[in-house]
Amino acid sequence: MDKLVLIGLQKEFKRKKVIDNINLTLSNGVYGLLGENAAGKTTLMRLICGLLKESEGEITYNGVNIHYLGGAYREKLGYLPQDFGYYPNFTAEQFLFYLAELKAIPDQCVKSRVMELLEMVGLEEVKDEKLSSFSGGMLRRVGIAQALLNDSSILILDEPTSGLDPMERVKFRNIISSLSKEKIVLLSTHIVTDIEYIADEILLMDKGKIIMQGTIEDMTKPIKNKVWEYESSDDAVADIESKYIINSLKKNQNSTKLRIISSVQPAQKAICVEPTLEDAYLYYKNSRGV
């Protein structure tokens with residue numbers, strides 16, 4: 001089984017530490033990298049892809065530094081950046097053929113590989129249509145296909161569902177889930193539901209650090225009995241918000257329903273409920289919930 005190992009990884013830009021002493025071991029499966037914007041997710045992914053050089057530490061693939069591996073490592077890597085560039089006048093098939101040539105995939109393999117991937121991402125029926133006519137979700141599926149052209153062992157996906165509608169997000173998650181047993185898949189997002197159903201392990205990232213790592217059960221177990229729902233009068237909401245972590249707030253006709261994270265019962269009529277990954281993320285980020 002392949003292993004990607006990050007050892008004491010650090011990255012600074014103009015003396016500002018963006019990645020702060022990250023140690024990780026990744027093997028086959030889906031890893032959900034969860035954090036708000038500016039948490040350092042994109043920088044970490046670019047380091048793993050070799051697009052940036054670390055300030056300290058190293059990244060190894062099967063025991064060898066990725067910079068020593070060079071082209072042999074890039075052949076194992078599939079990358080979908082947050083801003084996916086494409087040629088709008090190309091058809092989906094033409095675009096994948098073009099990228100296959102850039103990746104030096106043998107001619108005898110290209111046709112079958114392109115058609116296999118178009119079928120996998122559900123675009124075989126529109127393969128002759130121009131990319132300029134594609135929806136955001138369809139373009140993201142083209143992005144997945146290009147990342148898999150070289151049968152990559154490592155798949156790096158940066159905010160892959162950003163801007164997609166709910167149906168496209170479901171389709172995208174299903175594709176990623178189908179790949180997870182034979183590849184290392186690292187998927188970054190700030191949308192919790194994108195990874196809640198498919199990730200084997202969650203990495204919570206904040207200010208350049210991995211602040212928590214584990215399965216969803218690992219994440220939510222420590223906050224069992226610390227998540228509450230409470231129907232409050234409107235005039236009491238501001239006071240509750242100042243004292244507790246509020247996950248959600250829903251305004252009803254004469255009251256407001258709150259989802260509160262707290263180690264103590266926030267109000268006499270508050271009801272304890274099962275925690276979610278989103279609750280856990282807010283809890284670990286904010287020590288007021290301790």
Salt bridge (charged side-chain N to carboxylate O under 4.0 Å, His left out) pairs, two or more places apart, involving residues 39-60: K41-E159
When the side chains of residues 12-21 are checked against the rest of the protein, which donor-acceptor pairs come out under 3.5 Å, sequence neighbours left out?
from: K17; atom 1: NZ; to: Q10; atom 2: OE1; distance (Å): 3.0

Sequence neighbours excluded, which residues qualify as side chain to side chain donor-acceptor pair (under 3.5 Å) partners of S133? none
Pairs of donor and acceptor atoms involving the side chains of residues 251-258, under 3.5 Å and at least two apart or interchain, shall be tabulated with distances.
from: K251; atom 1: NZ; to: D234; atom 2: OD2; distance (Å): 3.0
from: N252; atom 1: ND2; to: E231; atom 2: OE2; distance (Å): 2.8
from: S255; atom 1: OG; to: E231; atom 2: OE2; distance (Å): 2.7
from: T256; atom 1: OG1; to: D234; atom 2: OD1; distance (Å): 2.8

Run the side-chain contact (heavy atoms from CB on, under 4.5 Å) test against S152 and tell me which residues pass, sequence neighbours left out. L148, N150, L155
With sequence neighbours excluded, what pairs up with V110 under the side-chain contact (heavy atoms from CB on, under 4.5 Å) test? F97, A100, I105, V114
For Y79, give me all partners under side chain to side chain donor-acceptor pair (under 3.5 Å), at least two apart in sequence or on another chain. none
Considering residues at least two apart in sequence or located in another chain, which fulfil the side chain to side chain donor-acceptor pair (under 3.5 Å) criterion with E274? K224
Any salt bridge (charged side-chain N to carboxylate O under 4.0 Å, His left out) pairs touching residues 68-87, not counting sequence neighbours? none
For A72, the side-chain contact (heavy atoms from CB on, under 4.5 Å) test, sequence neighbours excluded, returns none
Can you name the side-chain contact (heavy atoms from CB on, under 4.5 Å) partners of Q94, sequence neighbours left out? F90, T91
Output all residues satisfying salt bridge (Lys or Arg N to Asp or Glu O under 4.0 Å) with D239, sequence neighbours left out; order by chain, then residue number. K243
